[in-house]
Amino acid sequence: MTSKKRKHIEKHETGEQGDKSGKPQREQSRKAKKHYSQIIFRDWCKKCGICSAFCPKNVIGQNEEGGPVFERPEDCIGCRFCELHCPDFAITIQESDNDSGRGK
Ligand code: SF4
Ligand code: SF4
């Protein structure tokens with residue numbers, strides 16, 4: 001961990017999309033739902049656009065300055081390409097199996 005300050009942090013909660021496969025409900029419920037949150041440390045981000053370029057699900061777009069914008073957070077599959085390729089460790093993906101409090 002670096003000594004950089006964490007002044008401006010954003011957390012984007014996400015959820016898995018509904019199953020459109022037509023599988024039986026019992027089979028769907030056996031799978032643990034995984035949810036992902038994208039956390040961005042704005043003070044560390046140099047707006048290079050790498051995270052946006054590497055995201056395979058087009059979750060991350062860019063604002064006018066080139067900084068990341070989470071346009072489709074519900075589509076995040078937790079691959080962590082964005083986290084792994086960020087040169088400034090400015091983006092983190094968190095996984096949670098807890099489905100409570102969602103969909104309300
Ligand atoms: S974890 Fe993968 S799908 Fe999710 S925002 Fe990062 S690159 Fe995109
Ligand atoms: S890869 Fe890292 S530094 Fe570059 S825009 Fe994304 S979060 Fe910012």
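The figures here come from the full heavy-atom set of this structure, side chains too, leaving out hydrogens, waters and symmetry mates. Atoms within a ligand are numbered from 1 in the order they appear, just like the ligands themselves.
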Side chain [X], main chain [Y], donor-acceptor under 3.5 Å:
X     : Y     : answer
Ser52 : Ile60 : yes
Asp88 : Ala90 : no
Glu83 : Ile93 : yes

Exercise. Record the part of Ile91 in heavy-atom contact with ligand 1 below 4.0 Å; permitted values are side chain, backbone, both and neither.
Key: neither

Quiz item: Is it true that Phe81 and Ile50 fall in one hydrophobic cluster, defined by side-chain heavy atoms closer than 4.5 Å?
Solution: yes

Quiz item: Does one hydrophobic cluster hold both Leu84 and Phe89, with members joined at side-chain heavy-atom distances below 4.5 Å?
Solution: no

Nearest-neighbour protein heavy atom for [atom], which is reported as residue plus atom name and distance:
atom                    : answer
atom 3 (S) of ligand 2  : Lys46 N, 3.4 Å
atom 6 (Fe) of ligand 1 : Cys82 SG, 2.3 Å
atom 2 (Fe) of ligand 1 : Cys79 SG, 2.2 Å
atom 8 (Fe) of ligand 1 : Cys55 SG, 2.4 Å

Exercise. Check whether any N, O or S atom of Cys48 sits under 2.8 Å from atom 8 (Fe) of ligand 2.
Key: no

Practice problem: Examine the proximity of ligand 2 to Lys47 and report which part, side chain or backbone, both or neither, has a heavy atom under 4.0 Å away. | Solution: backbone

Practice problem: Could you tell me whether Ile40 approaches ligand 2 through its side chain, its backbone, both or neither, with non-hydrogen atoms closer than 4.0 Å? | Solution: side chain

[X] neighbourhood, listing ligand 2 atoms whose heavy-atom distance to it stays under 4.0 Å:
X     : result
Cys45 : 3 (S), 5 (S), 7 (S), 8 (Fe)
Cys86 : 1 (S), 2 (Fe), 3 (S), 7 (S)
Cys51 : 1 (S), 5 (S), 6 (Fe), 7 (S)
Ile50 : 1 (S)

Quiz item: With under 30° as parallel and over 60° as perpendicular, where do the rings of Trp44 and Phe41 fit, or are they tilted in between?
Solution: parallel

Give the atom numbers and elements of ligand 1 that come within less than 4.0 Å of a heavy atom of [X].
X     : value
Ile77 : 3 (S)
Pro56 : 7 (S)
Ile60 : 5 (S)
Arg80 : 1 (S), 2 (Fe)

Quiz item: Under a heavy-atom criterion of less than 4.0 Å, does Gly67 contact ligand 2?
Solution: no

Exercise. Check Glu10 against Arg42 and note the closest heavy-atom contact, atom names and distance.
Key: OE2-NE, 3.0 Å

Quiz item: Hey, is atom 4 (Fe) of ligand 1 within less than 2.8 Å of some N/O/S atom on Cys76?
Solution: yes

